[in-house]
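Just passing along the structure, written as structure tokens.
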There are 2 protein chains.
Amino acid sequence: MTDDHNKPVTSFDVARRAGVSRSMVSRAFTEGANISEKSREKVLKAAEELGYRVNFLARGLQTRQSNLVGIVASSLDTPFRSRQVRIAAQEFISHGYRPILLTVEPGDDVGQWVSVMLNYNVAGVMVTSATPSPKIIQECRKLRMPLVLINRGKNQDIADTVQIDVQQAGELAFTMLTRSRAGRLAVVHPQIPSYSVTGRARAFIEKCRIENIEVDEFISTSQSYAAGYDIAGNIGLSLDHIDGVFCATDLLALGVMDRLRADWNTRFPDDLQVVGCDDIEQAGWGAYHLSTIRQDAEEQVLAAVTQMLERIENPDAPIQHYNQRLTPIFRKTTLSNYD
Amino acid sequence: MTDDHNKPVTSFDVARRAGVSRSMVSRAFTEGANISEKSREKVLKAAEELGYRVNFLARGLQTRQSNLVGIVASSLDTPFRSRQVRIAAQEFISHGYRPILLTVEPGDDVGQWVSVMLNYNVAGVMVTSATPSPKIIQECRKLRMPLVLINRGKNQDIADTVQIDVQQAGELAFTMLTRSRAGRLAVVHPQIPSYSVTGRARAFIEKCRIENIEVDEFISTSQSYAAGYDIAGNIGLSLDHIDGVFCATDLLALGVMDRLRADWNTRFPDDLQVVGCDDIEQAGWGAYHLSTIRQDAEEQVLAAVTQMLERIENPDAPIQHYNQRLTPIFRKTTLSNYD
DNA sequence: ATGAAAGCGCTAACAG
DNA sequence: CTGTTAGCGCTTTCAT
């Protein structure tokens, strides 16, 4: 090994050592290329010895397609989101794509990050965070860059989307809460509007209105556990006339429960029924046994990945919207189930 | 707009429309390049009109450096891991790097993924999952590819690492548990060995031995909540002669607590003291108030990113090991604190 | 089956 | 300050 130079080894080096042309080493690393088994082995051997690796970026430049995809996500350290991202990454990888992960912090402009992705020639980008501006969505469309939005509503029919059926979510929550005993309801949802979480709360309120049930509205500062814990300070004050509460997010529900237990010794479901939404892992933990509405992360992400793959395949296909159905999960914070 | 062809627009197109050379458009997009304000604006305008974006991959090919980095992580949907990854991604991004996220699934070969990163000319890779084989670590070193390992132990002094002080962790757990009343201890840790989690359990046991305190060992199937819940079935049987238990992971501790409460009506800390490790968000939740040993994810990841940046800067610097100190967090599952 | 040559989109070195 | 030239590492016609 005299050639331990610092220069990265290129196909040229391999070609020389194998005594063939650069084309041959390219072929040796290309599935189903026109090359004899003998030559291929010769090349592979030389490559091995030299520690050669195909430079995918250069390859992409030539073939005019990269197998990079973008994932832009916010609140990555939140149970539901991290689940989504894990599945998405895994799924992309299993399809031969490599995900670039761009995390959105509060105050960031999502569009900016989507825009950055464009610089990397990604095959497509999936966003599960705040909604990018119509402008950037337009730009993606113009550049024929596949873009799929998760739980951002059908954005003016301009991008592929996967979203939960917010209507169904609201109605499900209502039914779960009122099935056993009608009552005086409440809902807690975050102040900052967002398609899916504000949407389900709105739908719930609407349903109450239709059914002529009074509903108190509690606005939390965010959709976190801490926010639930905080707002529960107010809920506690209304405990005497509230039967059941729908928390727009499991995390919110968990915070609410802990605060109520701590300050008012509330028992669930006897003193208060509660229903969450998402079905994060913690909802099923023994300390909570939260009844909730399951939003199947796997189904959701798989649908999104499929949409993206299809659009990469056929950029001119009509826009798709996948409306995800929800499942009620009866655990121990509601009085009875449907049977 | 007659030129709405499908062809992606290149610097050549922009150059022509702006009436300058390709070099000029390159300069226009390069920080601190030698170009007049007037020309730059002309180029920028043309670029804007055409919807031009610099192709970073091509740029990287030329400048022989990409601003891509790799993150390989397992169990991404776990509280601590997702926190690490969020911080890492955020940190890399803020330094101008774009992280490619490769998730490791059980049974995967970590080395394979590190290897894949090499194809993308990443500036470096951070791994927080199972330990890659010495072989791949060697290869990275040979290719002068910066590699930093989090909580994988000092791998034969062959890669930069950041890890917790397992010794301190074990001793801290011991002290937290025995400070108020000496007793009969137990430890639960997963079967599958891993540097940091097995390490802290071993250190705890060792400390008990030195101090002449008996310690029961419970082996769980993994480090998850569910595994803790399961193994607590056995712990329950020994409840009469155990005072305190150290769970190698917060998640494990939470599972243990829930099971013990459900089946034996155990009260913490009165019936049993418990100490976890990591300090995930859930440890602080009202249903648990788990006393634990904090492993500061932010500090840890920042240290790792810094190591990597430094190595990119200077590939030949001596290997670094960052030994992270731990902090005891006294909540309500231990009897008293240090004061 | 193999090699020569052209070129993907970009930047850097060199003239002017 | 600007244009010309020469590649970065790779794949791909097109001949042979």
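Below, chain A is the first sequence line, B the second, and so on; all start at residue 1.
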For B:N34, report the nucleic acid contact type (base, sugar-phosphate, nothing); a contact means any heavy atom under 4.0 Å. base

Whole-Å distance, B:D13 CG to C:dC8 P, equals 11 Å

Interatomic distance, A:K42 NZ vs C:dA1 P [rounded to whole Å]: 14 Å

Quick one: is D:dT12 close enough that its OP1 or OP2 comes under 4.0 Å of any side-chain N or O from A:S23?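 For D:dT12, neither OP1 nor OP2 has a side-chain N or O of A:S23 closer than 4.0 Å.
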
For A:Y52 and D:dC10, is the shortest distance between a side-chain N/O and OP1 or OP2 below 4.0 Å?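 Yes, such a contact exists.
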
What residues form a ring pair (Phe, Tyr, Trp, His ring centres under 6.0 Å) with A:F92, not counting sequence neighbours?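 A:F92: no ring pair (Phe, Tyr, Trp, His ring centres under 6.0 Å) contacts found.
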
What is the distance, to the nearest angstrom, from the CZ atom on B:R16 to the P atom on D:dT2? 20 Å

Should the side chain of A:S21 and the base of C:dA4 be counted as holding a donor-acceptor pair, with the cut-off at 3.5 Å? no

Heavy-atom nearest nucleotide on DNA chain D for B:R40 versus B:T63: which residue maps closer to 5'?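 Looking at the nearest nucleotide for each, B:R40 comes out on the 5' side.
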
Phosphate OP1/OP2 of D:dT2: any B:S39 side-chain N/O under 4.0 Å: yes

Examine A:R83 relative to A:F80 and say whether NZ or CZ is less than 6.0 Å from the centre of the six-membered ring and inside a 45° cone about the ring axis.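 Here A:R83 fails the 6.0 Å and 45° test against A:F80.
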
Side chain to side chain contact (heavy atoms under 4.5 Å, CB included) with B:M117: which of B:L147, B:V127, B:V125?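 One option only clears the test, and that one is B:V125.
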
Taking NZ, NE, NH1 and NH2 as the nitrogens, is one of them in B:E139 or B:K135 under 4.0 Å from a carboxylate oxygen of the other?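 Looking at B:K135 together with B:E139, the answer is no, because their closest N to O distance does not fall below 4.0 Å.
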
Between the side chains of B:K45 and B:E41, is the shortest nitrogen-to-carboxylate-oxygen separation below 4.0 Å, so that they form an ion pair?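 Salt bridge absent between B:E41 and B:K45.
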
B:F12 CZ - C:dT11 P separation (whole Å):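 It is 15 Å, rounded to the nearest whole Å.
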
Does A:Q62 make a side-chain donor-acceptor contact with the base of D:dG9, cut-off 3.5 Å? no

Sugar-phosphate only, base, or nothing, as touched by A:I35 at under 4.0 Å among non-hydrogen atoms: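 Sugar-phosphate, backbone atoms only, no base.
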
Could you tell me whether B:V20 contacts a base, only the sugar-phosphate backbone, or nothing, with contacts defined as non-hydrogen atoms closer than 4.0 Å? sugar-phosphate

Starting at atom CE of A:M24, determine the distance to atom C1' of D:dC10, rounded to an integer number of angstrom.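 After rounding, the gap between these two atoms is 16 Å.
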
Measure from CZ on A:F56 to C1' on D:dT11 and round the result to the nearest Å. 14 Å

D:dG9 C1' sits how many Å from A:R22 CZ, rounded? 7 Å

Closest approach to the side chain of B:L61, judged atom by atom: which nucleotide of D:dC8, D:dC10, C:dT11 is it?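 The answer is D:dC8.
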
Using whole Å, report how far CG of A:N55 lies from P of D:dG7. 19 Å

Should the side chain of B:R27 and the base of D:dG3 be counted as holding a donor-acceptor pair, with the cut-off at 3.5 Å? yes

Counting only side-chain N and O atoms of A:S26, is one of them less than 4.0 Å from OP1 or OP2 of D:dT11? yes

A:L143, CG atom: more than 12 neighbouring heavy atoms under 6.0 Å: yes

If only side-chain N and O atoms of A:R64 are considered, is one of them under 4.0 Å from the OP1 or OP2 phosphate oxygen of C:dC8? no

